[in-house]
Structures are given as structure tokens and as C-alpha cells.
Amino acid sequence: SGTVVIAGGGQAGLQTAASLRQNGFSGRIVLAGDEPGLPYQRPPLSKVYLTGQAGTDGIRLRGEDFFTDNAVELLRGERIVAIDRERRTVETASGTGIEYDDLVLALGSRNRELPVPGADLDSVAGLRTVADADLLREALGSVRRVVVVGGGFIGLEFAAAATDAGLSVTVVEALPRVMSRVVTERTSEFFTGVHRSLGVRVVLGAGVRRIVGENGAATGVELDDGSVVPADLVVVGIGVRPNVELAEEAGLAVDDGIVVDGSLRTSDPNIFAIGDCARFPSPHAGRPVRLESVQNAVDQARHVAAGLTGDAGAYDAVPWFWTDQGKVKLQIAGLTDGHDRTVVRGDQSEGKFSVFCYRGDELLGAESIGRATEHMAVRRILTAGAPLSPEQAADVDFDLKGYSK
Ligand code: FAD
């Protein structure tokens with residue numbers, strides 16, 4: 001019992017509340033989020049919500065009933081502005097003080113801004129919140145030419161949706177390949193091909209010098225080489241910054257993320273941090289990492305809830321990710337950076353293959369395209385810590401699914 005205050009009403013915050021009640025926690029739960037509505041999922045914002053195949057109800061994490069039925073006090077549009085660690089209270093923007101026994105920081109992240117002139121023009125937008133998605137959804141019906149700055153997951157998902165809506169789309173990526181932070185070269189190249197075949201213009205290795213505009217609105221994007229790509233809408237997807245200021249001001253350790261230990265506790269034993277905002281020691285990476293995914297938010301929330309209602313041990317969930325770009329789904333199991341060798345299983349020309357990433361003989365993870373069963377098998381193999389040789393991985397006759405059971 002006691003009071004758990006959760007700061008941040010997104011994927012991780014909501015899951016903490018839900019899991020606490022599922023585990024029989026009978027104390028007070030306050031979930032304070034600074035967005036106006038009910039907690040929702042972000043992944044559809046750049047996918048089915050953007051294209052209109054899902055509406056507001058379709059992206060909600062829980063309906064109104066959940067909060068009353070489970071006695072979760074949801075504060076909407078309430079920003080937590082300060083933590084008093086000595087008195088164990090948080091203060092909201094409207095001046096209310098709330099006492100806690102344990103505090104969970106699930107503050108998420110915010111979009112990195114493009115540091116060039118013109119980035120503040122109208123019709124330059126980012127995509128993070130449902131409010132952003134609403135604006136973009138409307139724009140898709142009224143603009144013709146879009147430039148997407150940043151060839152990461154969100155930029156590429158947006159590009160696919162905008163092309164599908166009949167717009168002319170250019171993706172500008174500063175690095176030599178798309179999604180380079182998170183996928184292998186082979187997968188980058190495959191997706192560049194996917195987008196080009198959809199009609200997206202993909203410009204690689206091109207920096208943005210400035211956004212040009214007229215009467216306060218963007219009209220194009222000027223690249224490093226001086227060329228200007230015309231645009232009625234510029235969507236910036238160049239990564240995020242974790243929301244750490246609240247923790248920092250409270251004197252908690254911060255290092256591109258709120259620093260937590262193996263139990264997801266901050267430098268204050270009564271304060272946890274989870275999801276996009278937390279940097280945690282990952283046994284799978286062998287170092288502290290900060291991950292931005294639903295899996296990470298949900299599993300960390302469950303872990304903290306388990307710890308608050310019993311003994312949870314150290315957090316060691318296998319990370320996994322997905323992205324849907326047009327009709328192509330990419331699923332990633334494990335953390336593959338630091339690999340020195342890849343083996344491919346399946347047929348790339350059919351768009352159904354997995355790229356297994358190894359460091360020496362150790363399997364770090366795999367990227368699967370159109371191979372959901374293999375993705376699931378790799379997750380189980382990584383969870384079990386079972387050895388899988390590169391030869392076994394590459395051999396389509398080797399029963400991966402059977403082996404992982
Ligand atoms: P969030 O869900 O961002 O929630 C944090 C909440 O805290 C926000 O509502 C924020 O406004 C609020 N907040 C911040 N500061 C305060 C404060 N001081 N007081 C009160 N509230 C505060 N992941 C995938 O795995 N697959 C995908 O396909 C995928 N697609 C995505 C598409 C888009 C467009 C976006 C934006 C993200 C996508 N993600 C995807 C990432 C995934 O949504 C995030 O990793 C996940 O939402 C993280 O959960 P979180 O609870 O840590 O943060």
C-alpha cells in the first residue's frame with residue numbers, strides 16, 4: 001500500500017498503473033500527464049491514425065472506465081513541475097502538492113529540433129503527439145509536396161503514408177543510409193528500395209542548410225549543396241531528447257536519460273524512471289542504454305510494478321522493435337549494434353528475409369522483414385540465451401521455431 005505517483009501519462013505510465021492493480025496493489029495511484037486526453041498509443045500516429053484508418057478511440061490505451069474501475073486518479077493536462085525529495089511530494093503546474101511513497105518518472109521524450117534557420121516557419125512540423133498527428137492528417141489533404149527531414153523510423157513511416165495519400169515526397173537524410181542508427185546496411189538498402197519503388201525520392205548524405213519560406217510559411221528545403229527541394233510541408237523526424245529536466249532539477253543523476261540501476265531505480269531509492277526517459281544497464285547490450293519503444297516502456301513498467309508489489313530482481317527483458325512502412329513490416333529482436341558479422345536467412349528478392357547479427361559467435365539479434373515467425377523465434381532464443389550458430393541461422397532447413405521452444 002502507500003501512494004504511488006506516476007509522472008507521465010503515456011505508454012509506460014499507464015502500464016505502471018495497470019500492472020500495479022493487476023498485481024493487487026491496494027494503495028493510492030495518481031497518474032499525472034500533461035497531455036489533455038486519455039492516455040494513447042503513439043505508434044499509430046505515423047501509421048493508421050495518420051492515414052485515417054484509425055480514430056481517437058482506436059488509439060486509446062484504456063477507456064474512461066478503466067480509471068474509475070481501478071481507482072487510478074488520472075490528472076489530465078497536469079504537468080509535474082517539481083519534486084521535493086525530502087518531503088516526498090511532487091508539485092503540479094496548478095500548484096497542487098501530492099505526497100508519494102514511491103514516484104515513477106515516465107516522462108517520455110520530445111522531438112529534437114532542426115538547428116537551422118527557418119525551422120520555426122509555419123508548415124514545418126514534427127510528429128510526436130496526437131495533436132501533431134491531427135495537424136499532419138489535415139495537411140495531407142491540402143498540400144502537394146512534402147519534404148521529410150530525417151530517414152529514421154518515423155520519417156519513413158510518414159513518407160510512406162504521405163505517398164499513399166498521393167503527395168509528392170522527398171526524404172532527406174544526412175547520413176549515407178536510412179535508419180543507420182538501428183539497422184544493418186542490408187536492411188537500410190532494402191528499405192531505400194521499398195520507398196523508391198513507392199515513388200518516394202530518397203536523398204542520402206545530404207544535410208539541410210536552411211528552410212526557405214515566404215510570408216512565414218515554408219516553401220522549400222535548401223540542402224548543403226545549395227539546391228532547394230520545393231515543399232508546402234516540411235516534416236522533421238531527426239530523433240528525440242529524453243525529458244530529464246524534472247529529474248535533473250531534483251538532483252537525480254542524468255546522462256542523456258535519467259540514470260537508473262538494474263532495478264530501474266534512480267539515484268533516489270524511492271524514485272524510478274522508465275521508458276523513453278530512462279537510461280538503464282542492459283544485460284543484452286552490456287552497457288547502459290536508453291531505448292525508445294513500446295516494448296521497453298511496457299516491460300519496464302511491468303518490472304517496476306512487480307518490484308513495488310513483490311520481488312522483481314533485475315530487469316533483463318529482451319528488447320524488440322517494429323516499424324511498418326507502407327505494406328512492409330520490419331521487426332527487430334535484440335540490440336544489434338556492435339555486430340561484426342551478419343548472415344541472411346530467406347529470400348531478399350521476395351521481401352521475406354531475416355538478417356542475423358553476430359559479434360563473433362554470439363547472436364546479438366535479428367532484423368526480420370515479412371518473417372514474423374522468425375522474429376518470435378529469435379526473441380525466444382535470446383530470452384533463453386540459447387546458442388544459435390551463424391550456420392544454423394542461415395540454413396532455411398534448420399527448424400528455428402522448433403529450436404526456440
Ligand atoms: P510517452 O508515451 O511519450 O509518454 C510520456 C508522457 O509524459 C507524455 O504524454 C508527455 O507529454 C508526458 N510528460 C512529460 N513530462 C511531463 C511532466 N513533467 N508532467 C506530466 N507529464 C509529462 N515504438 C515502437 O515500438 N514501435 C513503433 O512502431 C513506434 N512508432 C512510433 C511512432 C511515433 C509517431 C512516435 C512518436 C513514437 C513511436 N514509437 C514506436 C515509440 C513509442 O511510442 C515510445 O517509445 C513510447 O511511447 C514511450 O513510452 P513513454 O511512456 O516512455 O513515453
Side-chain angles (χ1 to χ4, degrees), residues 1-45 48-49 53-84 87-109 128-134 243 246 264 270-278 293-310 312:
S1 56
T3 299
V4 177
V5 172
I6 304 161
Q11 189 87 51
L14 185 279
Q15 185 66 49
T16 307
S19 294
L20 278 171
R21 285 295 183 238
Q22 244 162 29
N23 298 352
F25 179 76
S26 58
R28 183 179 180 209
I29 301 177
V30 181
L31 177 60
D34 63 357
E35 291 189 73
L38 289 170
Y40 61 92
Q41 314 167 46
R42 294 184 200 280
L45 298 182
V48 287
Y49 187 81
Q53 292 156 273
T56 319
D57 290 350
I59 65 169
R60 260 182 208 141
L61 283 164
R62 292 289 197 283
E64 199 91 49
D65 291 355
F66 165 84
F67 300 92
T68 36
D69 294 352
N70 290 283
V72 172
E73 296 170 44
L74 176 66
L75 308 180
R76 300 176 221 195
E78 269 286 26
R79 194 171 172 75
I80 306 287
V81 292
I83 306 168
D84 184 333
R87 292 171 49 213
R88 285 204 209 161
T89 55
V90 295
E91 189 193 325
T92 71
S94 62
T96 313
I98 310 167
E99 286 179 25
Y100 65 82
D101 293 291
D102 292 287
L103 173 63
V104 180
L105 301 176
L107 303 164
S109 53
R128 176 86 209 154
T129 63
V130 70
D132 296 335
D134 286 338
N243 291 326
L246 185 64
L264 310 178
N270 295 105
I271 307 179
F272 298 81
I274 57 175
D276 280 17
C277 71
S293 71
V294 168
Q295 171 277 324
N296 182 65
V298 167
D299 283 344
Q300 293 194 335
R302 289 184 176 142
H303 188 86
V304 164
L308 289 172
T309 49

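Any value given below was found using the heavy atoms of this structure, including those in side chains, with hydrogens, waters and symmetry copies removed. Quantities reported herein were computed from a predicted structural model and do not represent experimental measurements. Numbering of residues begins at 1 and proceeds along the displayed sequence.
- For the residue pair A301 and I274, the shortest heavy atom distance occurs at CA-CD1, 3.7 Å.
- Once rounded to the nearest 0.5 Å, the distance linking CG of D299 with CZ of R302 reads 6.0 Å.
- Under the rule for a side-chain hydrogen bond (donor to acceptor under 3.5 Å, both in side chains), Q11 has no partner lying at least two apart in sequence or in another chain.
- Within the 3.5 Å criterion, the main-chain N or O of I59 finds no donor-acceptor partner in the side chain of Y49.
- For R88, the side chain to side chain contact (heavy atoms under 4.5 Å, CB included) partners two or more places apart in sequence, or in a different chain, are Y100, D101, N270.
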Which is it for D132 and L45 under the side chain to side chain contact (heavy atoms under 4.5 Å, CB included) test, yes or no, and what are the steps along the way? CA-CA 9 Å; D132 296 335; L45 298 182; over 6 Å; no
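- Here the NE2 atom belonging to H303 is positioned 14.0 Å from the CD atom belonging to Q15, to the nearest 0.5 angstrom.
- Between R128 and D276 there is a salt bridge, since a side-chain N of the basic residue sits under 4.0 Å from a carboxylate O of the acidic one.
- The side-chain heavy atoms of L308 and F25, taken from C-beta on, include no pair separated by under 4.5 Å.
- Once rounded to the nearest 0.5 Å, the distance linking OG1 of T89 with CG of L103 reads 10.0 Å.
- R62 approaches A18 most closely through the heavy-atom pair NH2-CB, 3.5 Å.
- If you take CG on L14 and CZ on F66, they are separated by 5.5 Å, rounding to the nearest 0.5 Å.
- Across all their heavy atoms, I80 and A32 have their closest contact at CD1-CB, 3.7 Å.
- Using a 4.5 Å heavy-atom threshold, the side chains of I6 and V72 count as separate.
- Of all heavy-atom pairs spanning P39 and G9, the tightest one is CB-O, 3.3 Å.
- Under the 4.5 Å side-chain criterion, counting only non-hydrogen atoms from C-beta, T309 is not in contact with S19.
- Between A12 and A106, the shortest heavy-atom contact is CB-CB, 3.9 Å.
- Using modelled atom types, one side-chain atom of Q300 and one backbone atom of G275 make a donor-acceptor pair closer than 3.5 Å.
- G8 and L31 get closest at one heavy-atom pair: O-CD1, 3.5 Å.
- R21 places a side-chain N or O within donor-acceptor distance of the main-chain N or O of A71, the cut-off being under 3.5 Å.
- Atoms OG1 and CZ, on T92 and R79 in that order, are 11.5 Å from each other to the nearest 0.5 Å.
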Assess the residue pair L38 and F67 against the criterion (side chain to side chain contact (heavy atoms under 4.5 Å, CB included)); give the C-alpha distance rounded to whole Å, side-chain angles, the decisive distance to 0.1 Å, and a yes or no. CA-CA 10 Å; L38 289 170; F67 300 92; 3.7 Å; yes
Show, in sequence, the C-alpha distance, side-chain angles and deciding distance for T129 and Y40, and conclude whether the side chain to side chain contact (heavy atoms under 4.5 Å, CB included) test is met. CA-CA 9 Å; T129 63; Y40 61 92; 3.5 Å; yes
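- Expressed to the nearest 0.5 Å, how far CG of L264 lies from CG of L105 amounts to 12.0 Å.
- Taking the side-chain hydrogen bond (donor to acceptor under 3.5 Å, both in side chains) definition, one finds that R28 meets it with E73, sequence neighbours left out.
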May I have the step-by-step check of side chain to side chain contact (heavy atoms under 4.5 Å, CB included) for I83 and L246, ending in yes or no? CA-CA 7 Å; I83 306 168; L246 185 64; 3.9 Å; yes
